[in-house]
Amino acid sequence: MRARVSDACAAVGRQPSLTTLVVVTKTYPASDVAALASLGVRDVGEAREQELRDKREQLPDLALRWHLVGRLQRNKARSVGRLADVVHSVDDVRLLLRLSEGAAEVGRELGCFVQVSLDGDPSRGGVTEADLLALAEQVAGTPSLRLLGVMAVAPRGADPDEAFARLRGLSARVAAEHPTATAVSAGMSGDLEAALRHGATHLRVGAAVLGSRPPTG
Ligand SMILES: *Cc1c(COP(=O)(O)O)cnc(C)c1O
């Protein structure tokens, strides 16, 4: 997997060290997370608050950065604020206060990506492109939250190059107003090369590292 990332980085003239590989461990047991940590993985991602909570409890001693990459429910946002180091799926201003309160309870800043929907399909999360800048502004203005940049999932069946090119344009607009918010979370097992071609700084990769998961409902 590291070879695939470094090949893809080399192809676009990018240093692999500037790319954060978040290994998405959803549905895999805590023992797999421990094994990844022993192999040098530093960043792991979960899709759900419950699984994040269970794994953090089972692995209290591992120096990992925990990322929440899946859709955020409002009633779980405070807990996610406590448990996560980085949230990739901030897509509603009504989540912010709870995330902020949770992060403040543990005395940390929570890194936030604002998720944008590139196809207008709300079922996979994300704000519309029209609402992105306003949400970024709100995150930047909320205590205990740090705006890192933008996140998107390539629309199903669409050309990921076209989608990630659009994301890069949106990232530039956010960064023009928030000069430190230059990170771009894009790219999964199936499309990480395309994401790197368009400036992704954070890859969220599950199946390509851990093998395919049984389908979830
Ligand atoms: C599961 C998931 C991933 C990882 O997907 P793979 O195809 O296994 O690499 C990335 N991002 C999000 C939001 C996910 O839910």
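Only a predicted model underlies this, so the values are computations on that prediction, with no experimental measurement involved. Ligands are counted one by one from 1 in listed order, and the atoms in each one are counted from 1 as well.
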What is the closest protein heavy atom to atom 13 (C) of ligand 1, and at what distance does it sit?
V69 O, 3.2 Å
Check for a donor-acceptor pair, side chain of S100 on one end and backbone N or O of L145 on the other, with a separation under 3.5 Å.
no
Between T142 and Q138 (side chain of the first, backbone of the second, donor and acceptor by atom type, cut-off under 3.5 Å), is there such a pair?
yes
Counting only nitrogen or oxygen atoms and a 3.5 angstrom limit, does V205 reach ligand 1?
no
Give a yes or no answer on whether the side chain of R204 reaches the backbone of G45 with a donor-acceptor pair at less than 3.5 Å.
no
Could you check K55 against E51 for salt bridge (Lys or Arg N to Asp or Glu O under 4.0 Å), going step by step and ending with a plain yes or no?
CA-CA 6 Å; K55 285 184 190 156; E51 212 175 327; 2.8 Å; yes
Is the side chain of R71 donor-acceptor paired with the backbone N or O of R124 at a distance under 3.5 Å, no angle test?
no
Measure the distance from atom 5 (O) of ligand 1 to every protein heavy atom, then report the residue, atom name and distance (to 0.1 Å) of the closest one.
M188 CE, 3.5 Å
Subset of ligand 1 atoms that lie under 4.0 Å from at least one heavy atom of G206
4 (C), 6 (P), 8 (O), 9 (O)
Would the distance check show the side chain of E129 and the main-chain N or O of V116 forming a donor-acceptor pair, the cut-off being under 3.5 Å?
no
Return the residue, atom name and 0.1 Å-rounded distance of the protein heavy atom closest to atom 11 (N) of ligand 1.
R204 NE, 2.9 Å
A student checking ligand 1 against A207 at a 4.0 Å heavy-atom cut-off should list atoms 6 (P), 8 (O), 9 (O)
Can you check which of A152, S189, G190, G70 brings a heavy atom nearest to atom 9 (O) of ligand 1?
S189
Quick one: look up the protein heavy atom nearest atom 1 (C) of ligand 1 and list residue, atom name and how far away it is.
K26 NZ, 1.5 Å
